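Data first, discussion second: the structure below is written as structure tokens.
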2 protein chains.
Amino acid sequence: MDTQRRGTRAGEPGASGRPGARAVPPATVARLPGYLRALRGLTADGVVTTSSDELAGGAGVTPAQLRKDLSFLGSYGRRGVGYDVGHLSEQIAVVLGLTTQRSVVIVGIGNLGHALASYSVFAERGFAVVGLVDADPAVVGTTVAGLVVQPPDELASLVSGSDATIGIIATPASVAQDVCDALVAAGVVGILTFAPRALRVPPTVDLRAVDVASELQILAFHDRRRTGTGA
Amino acid sequence: MDTQRRGTRAGEPGASGRPGARAVPPATVARLPGYLRALRGLTADGVVTTSSDELAGGAGVTPAQLRKDLSFLGSYGRRGVGYDVGHLSEQIAVVLGLTTQRSVVIVGIGNLGHALASYSVFAERGFAVVGLVDADPAVVGTTVAGLVVQPPDELASLVSGSDATIGIIATPASVAQDVCDALVAAGVVGILTFAPRALRVPPTVDLRAVDVASELQILAFHDRRRTGTGA
DNA sequence: TAGATTGTTAATCGATTAACAATC
DNA sequence: TAGATTGTTAATCGATTAACAATC
């Protein structure tokens, strides 16, 4: 998204943990979760060994692209044989930093924030939602997905007290930058925003933006070309 | 999503409506909604004329990038002066195909589908949610955001009856491909999926995928590099 | 005219694709 | 050994950046 694609930062090349490892390009990093997803599917089906052809099919990319991407992580396949599903999953998880559970705080508990707080896929993929914050007094104090919603002035202690490193912004656009600044001040290192507005973060903080209305507008562009309406 | 970037299709080059107009590159198309958003903000502030510097600042890109992108649409600025906010907004809306209202059907009315059905930004940006579908008998018949949820076998007539051209998939991953096939069969030309699974569509249908758990995993990659955990 | 700012060109950079030698 | 499949190299392609001539 892409996508967005908006918001991906390159990262410091050569700063990888393993000595001698090449830097992983941003476009490759963005596809790794998809490979992990496909590998989990194979595991569930009892598949032990897979090929770049099969795995690429499951992830929706070409075999060449898959092999090229994996080559940045190291040599985890065997020529003439393929990849061990379990081992490759593990290696990708290590590269993505999923061996440690990450804690997440969500700000803005409207319809979307509520849905995200209840989203079971987060837990399945190694993320724990540990805090919810909203500015509306009618929402503060209610329980959502097993957590009591806190007021904005509790944000800092919530983040530091839980060692949360990632913040999710699900507020109206009008307050998104203020929330973003507060999350940065509280010490998160990554932010995922759903607010339809460009946000500024310091270079030390990683920002990714999902704008669902923009996604529809991008679809409309192709729609227009097909139906001929518009120009 | 890198759409996810993932999922953008190039479109037929040269198939644009205006004769002599160059094809608009996918990366540029993906940024146009952001420019439109920034322009609307300027309009709200009463700004009549803007510069590539100001507009780029509002959209979170560089002035060079903005000018390069706009150059694919035509020459809508005046050298030495800048851009007319209203006129430029209009031109971008035309290019994106937003002069016609697009109708949208949402399949999967769980927490996320509910939030999307109630998302007011869709209407503000020219999209009308005209139908909701869910497979759960306990959900079918309930009213969400002013619409009565329909059973799956009503999908085809719902799409054709409303001239919906875009479908949104907010179901569990396990049924996403079946829903996708049904939407394609029903005649939509664009699909936005939130299900964490690679989907196959015919080349005539445009697919964009948003995977919020993958977004967190991409953030975790940079988090790892910063905290040193993982490798 | 002088200053400002666009639109375009050229240079750089990164990502994708294709082909094949290495090797299991 | 013969067949299969990876990992890598080279070629292509597209996107970004920077500089500046055109022009308001």
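To find a chain, count down the sequence lines: A is the first, B the second, and so on, and within it residues start at 1. Quantities reported herein were computed from a predicted structural model and do not represent experimental measurements.
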Given atom CG of B:Leu70 and atom C1' of D:dT16, what is their separation to the nearest angstrom? 15 Å
Need one value for A:Ala64: base, sugar-phosphate or nothing, where a base atom within 4.0 Å counts as base even if backbone is also close, heavy atoms only. base
Is it the case that the side chain of A:Arg224 and the backbone of B:Leu98 share a donor-acceptor pair, with hydrogens and angles ignored and the cut-off at 3.5 Å? no
Does this structure show an ion pair linking B:Arg102 with B:Asp163, if we count only N-O contacts that are shorter than 4.0 Å? no
Using atom CG of B:Leu66 as one end and atom P of D:dT16 as the other, report the distance to the nearest whole Å. 13 Å
Under a 3.5 Å limit on both distances, the Watson-Crick or wobble mate of C:dT17 is D:dA10
Looking at D:dT23, does its base get a donor-acceptor pair with the side chain of B:Arg79 below 3.5 Å? no
Please report the distance, rounded to the nearest Å, between CZ in B:Phe72 and P in C:dG7. 13 Å
For atom CG of B:Leu73 and atom C1' of C:dT6, their distance in whole Å: 14 Å
Which nucleotide in the list C:dC24, D:dA15, C:dT16 gets nearest to the side chain of A:Gln65? C:dT16
Just to be sure I understand the rule, does A:Arg67 reach a base, reach only the sugar-phosphate, or reach nothing, if contact means heavy atoms closer than 4.0 Å? base
Ignoring hydrogens and geometry, is there a side-chain-to-backbone donor-acceptor pair from B:Thr43 to B:Leu39 under 3.5 Å? yes
Nucleotide nearest A:Pro25 when distance is taken to its side chain, options D:dT8, C:dA15, D:dT6: C:dA15
Which distance, rounded to the nearest 0.5 Å, do you find between the CG of B:Leu96 and the CG of A:Asp223? 11.5 Å
Would you say a side-chain N or O of B:Tyr83 is under 4.0 Å from OP1 or OP2 of C:dG7? yes
Check the distance between D:dG7's C1' and A:Asp69's CG and give it to me in whole angstrom. 13 Å
Please report, rounded to the nearest Å, how far the C1' atom of D:dT6 is from the NZ atom of A:Lys68. 13 Å
Note, B:Phe122 side chain near A:Leu216 side chain (heavy atom, < 4.5 Å): yes
Does the side chain of B:Ser52 get closer than 4.0 angstrom to OP1 or OP2 of C:dT5 through an N or O atom? no
Check the distance between D:dC24's P and B:Asp84's CG and give it to me in whole angstrom. 16 Å
Send over the distance from A:His87 NE2 to D:dT6 P, rounded to a whole Å. 15 Å
For the side chain of A:Ser71, counting heavy atoms from C-beta on, which of C:dT8, D:dG7, C:dC24 is nearest? D:dG7
Base paired to C:dA4 (Watson-Crick or G-U; both N/O distances under 3.5 angstrom): D:dT23
